[in-house]
There are 2 protein chains.
Amino acid sequence: MSRRETTTLEDVARLAGVSPATVSRCMNQPQSVRAEKRVRIQGAIDQLGYVPNGSARALASRRSRMIGAILPSLDNMLFGGPLEAFQKEVGSAGYTVAVACSEYDQQHERVHIRNFLESPVDALLLVGGHRDPNIYRQIERQGIPYVLTWVSSGDREEHCVGFDNAAASADLVDYLVSLGHRRFGMISGFTEHNDRAGARLAGVRKALARHDLSLDDDQLLHRPFEPEAGRDAFHILMSGSKPPTVVICGAEPHAYGALFEARDMGIDVPGQVSVTGFDDMWLASQTMPTLTTIRTPREEMGRQAAHHLLAQLRGERVAAPRPLETTLVVRKSTAAPPEPFPGPTKGLKRGQG
Amino acid sequence: MSRRETTTLEDVARLAGVSPATVSRCMNQPQSVRAEKRVRIQGAIDQLGYVPNGSARALASRRSRMIGAILPSLDNMLFGGPLEAFQKEVGSAGYTVAVACSEYDQQHERVHIRNFLESPVDALLLVGGHRDPNIYRQIERQGIPYVLTWVSSGDREEHCVGFDNAAASADLVDYLVSLGHRRFGMISGFTEHNDRAGARLAGVRKALARHDLSLDDDQLLHRPFEPEAGRDAFHILMSGSKPPTVVICGAEPHAYGALFEARDMGIDVPGQVSVTGFDDMWLASQTMPTLTTIRTPREEMGRQAAHHLLAQLRGERVAAPRPLETTLVVRKSTAAPPEPFPGPTKGLKRGQG
DNA sequence: CTGAAAGCGCTTACAG
DNA sequence: CTGAAAGCGCTTACAG
């Protein structure tokens, strides 16, 4: 235990017989140092067990090599995969990922953004695009790159790496209408502070309107993203006097809950009612019946978000990313409605989806 | 855009008419600064929109306020919850959490540990306790606190915040033996670099031995933690000439896969074969049949890991944490074996679990 | 309670 | 290709 506990770059320089600047260059731009010295320096590094101090490096270079990621939650199957993919990509470029959870709460997210800006992070990954403009102003004032995932459009398209939630749910509706469905129910997430949930609901409404259909107020239930909540909502929808012939779920946990509740209520899916999900998580292909849903390319989104950010960090001028494609995956939870049901309007166009 | 883009503590000091040292104190130990000055300083901070620079702070104070967490995976339902709980706890104490995934690979983990030590992090959260002693030496040389989760014993009990995997699976075996089972099959994770999986398997073996039973070699299959892998293994086990009357799964995804495969094979659970899980994730209570399993207190573990680390970071001397309790949750996937099956030995003691 | 000063361990123009 | 020197923006004994 000497007085000086940590070995510094200066120690390495002394042992290698070069200046600290050269050691620094050797670590950051090896090709700019004569090979012979590189060997001596590496030897000194190994001999001393030198570990560079990231804080000092960050301060001197004004780059922390840290990227902050703020996700709504980690305690489900949705965000972990993309985060892991993101971390892997930026990690191999030398960046560390700091995480925080907003718990689907704007105030929490705001605090975390502020903390990350203080850290300071070199870049930021967020989910969704709707937030107080002041937040964006604050981020941009610091001049750090950021990426908005899970959405493809909005005010800041050049920062969005995601897919078109509204278009995806509209696809779903077109398909369901083509099956003959006219009475729709929906279990949605809360839309106030969640533009993904909002877009999915809007997409459903818009597509229904195109078919001269609509979603009745009492057929739309907002619930947190939990299977239990989905069960509860499904039970309510199916206990009404005129239950829907199809229940669209804005998030997959809702659909799992709906399927479980149907089983417990003795309701046949898709015989009596069709059920759809959104995201195509692993369970969707294992439920009974298997779930018709929208596949979202989540890992791919994580990777692309990383590349988008890394390009900006390299100082490249980047174009607005192209929206990622979603896919309608038809499985066994959807079928024609149980009996011919006269639609609320005439002139219904079949099979146009 | 002035030449100096960032406002620094010095700017605040100048505007408030105090020294930089006082501004620093005002932020870190407010009570040591006269109230009147505190107000002036806060005013200056607000007026300038001052954001302290974490890198400089880290360098000067030799504390980065960052904790590194290395988990085997984020892309499943297991580690996200505890990580979120951990982040929440340490976050409210002012710490940032950096994450990385080892992908159940020692070399990956080693690289991430090294990167974190460079960052440098103030503390480290790891999963499991078995790793190259050199790694521990390296961590301890830097003098940073660390916590080993998901395990309760081993060489470094004072760092473990977890539960006794072996005892938990032994409980399960005792219960199954008490039901009358004598022919056991097991789907286990790979045990070479995973001491949790190793302990679960060892616990099963030890408990069986206590009952004069054992696990035949061809009744033990090692698989990655995926439902599909569980399906595959279950299929193999049940296709043998003498299939087991119970399949113990070392991880819950294996059990889900087993249940799905049983359904597809037309095998009645628990009529023909019992199936057990380990962890009690949300799906366990929703499968058909519902799953008998071991409940592990994962969120609580995340919180306790945080408190254990925070106490050390405060410089407190901490005692070895008490192991967390696991619970045998009996549901519908287990029952007596289909027919009286003569055990390999006499003198079997019933109901001793 | 407060300030002047040194220092944390790097990086990076600048000059050669 | 290399070195001397300044500087990144804070914190913290030390003295008062």
Side-chain angles (χ1 to χ4, degrees), chain A residues 2-41 44-45 48-66 94 117-122 142-143, chain B residues 2-41 44-45 48-66 94 117-122 142-143:
Chain A
S2 65
R3 204 180 314 148
R4 247 303 220 25
E5 311 203 17
T6 51
T7 57
T8 69
L9 182 144
E10 205 181 331
D11 301 326
V12 175
R14 199 161 21 225
L15 181 60
V18 299
S19 74
T22 301
V23 178
S24 174
R25 288 196 196 92
C26 183
M27 309 200 73
N28 299 314
Q29 325 160 39
Q31 73 292 351
S32 78
V33 173
R34 190 178 305 181
E36 177 213 330
K37 294 203 173 179
R38 265 201 310 248
V39 175
R40 282 223 308 279
I41 291 169
I45 287 175
L48 295 172
Y50 169 66
V51 176
N53 180 314
S55 299
R57 186 141 83 133
L59 179 58
S61 67
R62 299 158 155 284
R63 293 188 306 145
S64 65
R65 294 166 184 278
M66 195 155 87
L117 291 179
E118 280 192 29
S119 293
V121 297
D122 287 344
Q142 309 228 359
Chain B
S2 66
R3 203 179 316 149
R4 243 312 217 21
E5 310 205 17
T6 51
T7 56
T8 69
L9 182 144
E10 204 181 333
D11 299 327
V12 174
R14 199 161 21 227
L15 181 58
V18 299
S19 74
T22 301
V23 177
S24 175
R25 288 195 196 93
C26 182
M27 307 201 74
N28 299 313
Q29 325 159 38
Q31 72 292 349
S32 78
V33 173
R34 191 179 303 180
E36 179 214 329
K37 294 203 173 180
R38 265 200 314 247
V39 175
R40 281 222 311 277
I41 292 169
I45 288 174
L48 296 172
Y50 169 66
V51 176
N53 179 314
S55 299
R57 185 141 82 135
L59 179 59
S61 67
R62 300 157 154 285
R63 293 188 306 144
S64 66
R65 296 167 183 278
M66 195 154 88
L117 291 179
E118 280 193 28
S119 293
V121 297
D122 287 345
Q142 309 228 1

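Labels below follow one simple rule: chain letters A, B, ... track the order of the sequence lines, proteins then strands, and each chain is numbered from 1.
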With sequence neighbours excluded, what pairs up with [X] under the side chain to side chain contact (heavy atoms under 4.5 Å, CB included) test?
X     : answer
B/A56 : A/L59, B/N53
B/L15 : B/A44, B/Q47, B/L48
A/Q29 : A/Q31, A/S32

Backbone of B/E10 reached by a side-chain donor or acceptor of B/T8 within 3.5 Å =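 Looks like yes, one N/O pair under 3.5 Å.
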Backbone N/O of A/R57 and side chain of A/S61: donor-acceptor pair under 3.5 Å =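 Yes: the side chain of A/S61 pairs with the backbone of A/R57.
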How does DNA chain C look in dot-bracket notation if pairs are Watson-Crick or G-U with both distances under 3.5 Å, crossing ones as [ ], other-strand ones as |?
-> |||.||||||||.|||
What is the distance, to the nearest angstrom, from the [atom1] atom on [X] to the [atom2] atom on [N]?
X     : N     : atom1 : atom2 : result
B/E36 : C/dT2 : CD    : P     : 8 Å
B/L59 : C/dG9 : CG    : C1'   : 5 Å
A/L48 : C/dG9 : CG    : P     : 14 Å

For B/S64, side chain to side chain donor-acceptor pair (under 3.5 Å) partners two or more places apart =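 Side chain to side chain donor-acceptor pair (under 3.5 Å) check on B/S64 returns B/D122.
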Qualifying residues under side chain to side chain donor-acceptor pair (under 3.5 Å), relative to A/T22, sequence neighbours excluded |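 Per chain and number, A/T22 pairs via side chain to side chain donor-acceptor pair (under 3.5 Å) with A/S19.
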Span that lies between the P atom of D/dC10 and that of D/dC14, in whole angstrom |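 Looking at atom P only, D/dC14 and D/dC10 are 24 Å apart.
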Using the C1' atom on both, measure D/dG16 against D/dT12 and round to a whole Å.
->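 Rounded to whole Å, the distance is 16 Å.
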If only side-chain N and O atoms of B/K37 are considered, is one of them under 4.0 Å from the OP1 or OP2 phosphate oxygen of C/dC1?
->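 For C/dC1, neither OP1 nor OP2 has a side-chain N or O of B/K37 closer than 4.0 Å.
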Would you tell me if any nitrogen or oxygen in the side chain of A/T22 comes within less than 4.0 Å of OP1 or OP2 on D/dG3?
->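 The answer is yes; a side-chain N or O of A/T22 sits under 4.0 Å from OP1 or OP2.
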Which parts of nucleotides 10-16 of chain C does protein reach within less than 4.0 Å, heavy atoms only, written one letter per nucleotide 5' to 3' as B for base, S for sugar-phosphate only and - for none?
-> BBBB---
Which pairs would a plain distance check flag for residues 33-40 of chain B, meaning a side-chain donor or acceptor within less than 3.5 Å of a matching protein atom at least two apart in sequence or in another chain?
unit_1, atom_1, unit_2, atom_2, d
B/E36, OE2, B/R40, NH1, 3.1
B/R38, NH1, B/P30, O, 2.6
B/R38, NH1, B/V33, O, 3.2
B/R40, NE, B/A16, O, 2.9
B/R40, NH2, B/A16, O, 3.1

